[in-house]
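Quantities reported herein were computed from a predicted structural model and do not represent experimental measurements.
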Amino acid sequence: MTLLVTGGAGFIGTNFVLDWLAQSDEPVINLDKLTYAGNLESLASLQGDARHVFVPGDIGDSALVNSLLASYRPRAVLNFAAESHVDRSIHSPEDFIQTNIVGTFRLLEAVRAYWSGLAADEKSAFRLLHVSTDEVYGSLGAADPAFTETHRYQPNSPYSASKAASDHLVRAYHHTYGLPVLTTHCSNNYGPYHFPEKLIPLLIVNALAGIALPVYGDGMQVRDWLYVKDHCSAIRRVLQAGRLGETYNVGGWNEKPNIEIVHTICDLLDELVPPATRNLPFASYRALITSVKDRPGHDRRYAIDASKLERELGWTPAETFDTGIRKTVQWYLANPEWVAHVQSGAYRAWVQTQYAAA
Ligand code: NAD
Ligand code: TYD
């Protein structure tokens, strides 16, 4: 038994691989292109662990994916690989089209060919789990009910449009070819190993450096936050017991306006590392909050109704926002080297060293 994980050197994929191998001896083949968002240093604790096989490469490289499937004969493929940052998708959408749409299509084709050739028992046990986002549903009004799985697709950014396209392809491969697929739609994740271009890690690392905490527009955009390890447990549960062809929303019922997130992080840092202890010339990190130009087409509110996953599969998150955000801030405080390497770009050099040594 083996899993093929794509994008397993990114934020969520890393957490998934680490959690998986902490609980199971089933090996993981980790295919990742190592874009700027892929960081093998996050997986350093698995060095020398034969259960983790890292393969640098693109999900759109059909020959490579075909050969991995043929050699390792996984019982499931979990597709985390994507371009994932909305702001980058606004500045340069091309990579999002290539990886999220074309890459997913090529992965589906390779998986379909592999799955078609399996013996009957392996064929019926096989799963392709596609990791998607709540952003495909678009933006909610203040009083609208949270997104359910039947909410219409209304993506607003090149990122969410490309994820929506990939979801449609996954769905079509189930309906047309019978490929045994599962799709998850999770809300905003936060936690360890999160690249500091996204809101929560950006706030933590900027505050510690004493530089501005940029709040887009009025800061009243609402996101629904889930601790990354709860997302990983949901994926494990859907893989284990999800109904074929179904989609599952994943969320923690934790809607918060951005400005509240900013205040919470400042307050936690004030408690854990008062500015004076870092020679910073203010009494509270809140002094760094700075309003900046809003994101074009900025979605106002996301909210996930996760009751299908709770009802059908008995999944519930382990963390509240208060416990998860405290763990997250503590993780960044305990891992200054990881942060420094990401900020300096040294994490990419680390990969060179790692391969040179291999
Ligand atoms: P990330 O940007 O941190 O990591 C993406 C990983 O995919 C990186 O390691 C990157 O090197 C790799 N990758 C990119 N293009 C590739 C390609 N063509 N072939 C192989 N590997 C490639 O993203 P993340 O936050 O870990 O998100 C993982 C998945 O979860 C994505 O599909 C994303 O849409 C989805 N998602 C993310 C969130 C969130 O809050 N971060 C929420 C819901 C869903
Ligand atoms: P982000 O972490 O980029 O995730 P997403 O856009 O996928 O929801 O942003 C979360 C929210 O925080 C979003 O409303 C944009 C906002 N934001 C800021 O206000 N300032 C920032 O510097 C960043 C990166 C995001």
Legend entry - Evaluation steps, side-chain contact (heavy atoms from CB on, under 4.5 Å), between Glu83 and Tyr36: CA-CA 10 Å; Glu83 290 291 338; Tyr36 78 94; 4.0 Å; yes
I'd like to know if the side chain of [X] reaches the main chain of [Y], judged simply by a donor and an acceptor atom lying under 3.5 Å from each other, with no hydrogens or angles considered.
X: Asn254; Y: Thr320; result: no
X: Trp20; Y: Glu26; result: yes
X: Asn189; Y: Ser187; result: yes
X: Glu197; Y: Asp87; result: no
X: Asp230; Y: Ala318; result: yes
X: His174; Y: Pro180; result: no
X: Lys308; Y: Thr247; result: yes
X: Thr14; Y: Phe11; result: no
X: Arg88; Y: Phe96; result: no
X: Ser89; Y: Tyr159; result: yes

How about [X] and [Y]: do any of their side-chain heavy atoms sit closer than 4.5 Å?
X: Ser233; Y: Arg237; value: no
X: Ile211; Y: Leu288; value: no
X: Ile325; Y: Ile261; value: no
X: Ile265; Y: Tyr285; value: no
X: His52; Y: Gln47; value: no
X: Pro317; Y: Leu226; value: yes
X: Tyr248; Y: Ser132; value: no
X: Arg106; Y: Ile59; value: no

Give a yes or no on this: more than 12 heavy atoms of other residues, nucleotides or ligands lie within 6.0 Å of atom [atom1] of [X].
X: Glu337; atom1: CD; value: no
X: Glu94; atom1: CD; value: no
X: Arg171; atom1: CZ; value: no

Which atom pair, heavy atoms only, marks the closest approach of [X] to [Y]?
X: Pro196; Y: Val342; answer: CD-CG1, 3.5 Å
X: Ala9; Y: Leu40; answer: CB-CD2, 4.4 Å
X: Pro93; Y: Ile90; answer: CD-O, 4.2 Å
X: Pro214; Y: Leu202; answer: CG-CD2, 3.8 Å
X: His194; Y: Trp338; answer: O-CH2, 3.6 Å
X: Glu149; Y: Tyr137; answer: CA-OH, 3.7 Å

Flag yes if [X] and [Y] sit in one hydrophobic cluster, no otherwise; membership is Ile, Leu, Val, Met, Phe, Trp, Tyr, and two members link when side-chain heavy atoms are under 4.5 Å apart.
X: Val205; Y: Ile289; value: yes
X: Val136; Y: Val222; value: no
X: Leu140; Y: Val86; value: no
X: Leu69; Y: Leu107; value: yes
X: Leu68; Y: Leu118; value: yes

Inset, instruction - Begin with the C-alpha distance, continue with both residues' side-chain angles, and end with the deciding distance and a verdict on side-chain contact (heavy atoms from CB on, under 4.5 Å) for Val250 and Val238. - result: CA-CA 10 Å; Val250 186; Val238 171; 5.6 Å; no
Legend entry - Result of checking Phe16, Tyr332, Trp331 against Tyr193 for ring pair (Phe, Tyr, Trp, His ring centres under 6.0 Å): Trp331
Legend entry - Residues which pass side chain to side chain contact (heavy atoms under 4.5 Å, CB included) with Asp299, listed by chain and number, not counting sequence neighbours: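 Partners of Asp299 by the side chain to side chain contact (heavy atoms under 4.5 Å, CB included) criterion, ordered by chain and then number, come out as Ser139, Asn156, Arg223, Tyr302.
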Quick one: pull up [atom1] in [X] and [atom2] in [Y] and give me the separation to the nearest 0.5 Å.
X: Leu182; Y: His130; atom1: CG; atom2: NE2; value: 11.5 Å
X: Asn39; Y: Glu41; atom1: CG; atom2: CD; value: 5.5 Å
X: Asp61; Y: Asn66; atom1: CG; atom2: CG; value: 9.0 Å
X: Leu128; Y: Thr104; atom1: CG; atom2: OG1; value: 9.5 Å
X: Asp224; Y: Asn188; atom1: CG; atom2: CG; value: 8.0 Å
X: Asn15; Y: Ile235; atom1: CG; atom2: CD1; value: 10.0 Å

Legend entry - Any residue meeting side-chain hydrogen bond (donor to acceptor under 3.5 Å, both in side chains) with Arg127, in chain and number order, not counting sequence neighbours: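 By the side-chain hydrogen bond (donor to acceptor under 3.5 Å, both in side chains) rule, Arg127 matches no residue at all.
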Hey, are [Y] and [X] close enough side-chain-wise for a donor-acceptor pair under 3.5 Å?
X: Asp305; Y: Ser307; result: yes
X: Ser166; Y: Asn100; result: no
X: Asp167; Y: Thr183; result: no

Inset, instruction - Measure the acute angle between the ring planes of Phe147 and His151, then classify it against the limits of 30° and 60° as parallel, tilted or perpendicular. - result: perpendicular
Inset, instruction - Report the relative orientation of the aromatic rings in His185 and Tyr153; use parallel for angles under 30°, tilted for 30 to 60°, perpendicular for over 60°. - result: perpendicular
Inset, instruction - Take Tyr173 and Val111, measure what side-chain contact (heavy atoms from CB on, under 4.5 Å) needs, and give me the verdict at the end. - result: CA-CA 10 Å; Tyr173 272 62; Val111 169; over 6 Å; no
Inset, instruction - For side-chain contact (heavy atoms from CB on, under 4.5 Å), just list the numbers for Asp294 and Gln221, CA-CA rounded to whole Å, side-chain angles, deciding distance to a tenth of an Å, and then say yes or no. - result: CA-CA 10 Å; Asp294 207 350; Gln221 304 83 2; 3.7 Å; yes
Legend entry - Stepwise salt bridge (Lys or Arg N to Asp or Glu O under 4.0 Å) check, Lys163 with Asp134: CA-CA 10 Å; Lys163 290 296 291 186; Asp134 59 357; over 6 Å; no
Inset, instruction - Apply salt bridge (Lys or Arg N to Asp or Glu O under 4.0 Å) to Arg326 and Glu271, showing your working. - result: CA-CA 11 Å; Arg326 183 172 282 274; Glu271 175 200 324; 2.9 Å; yes
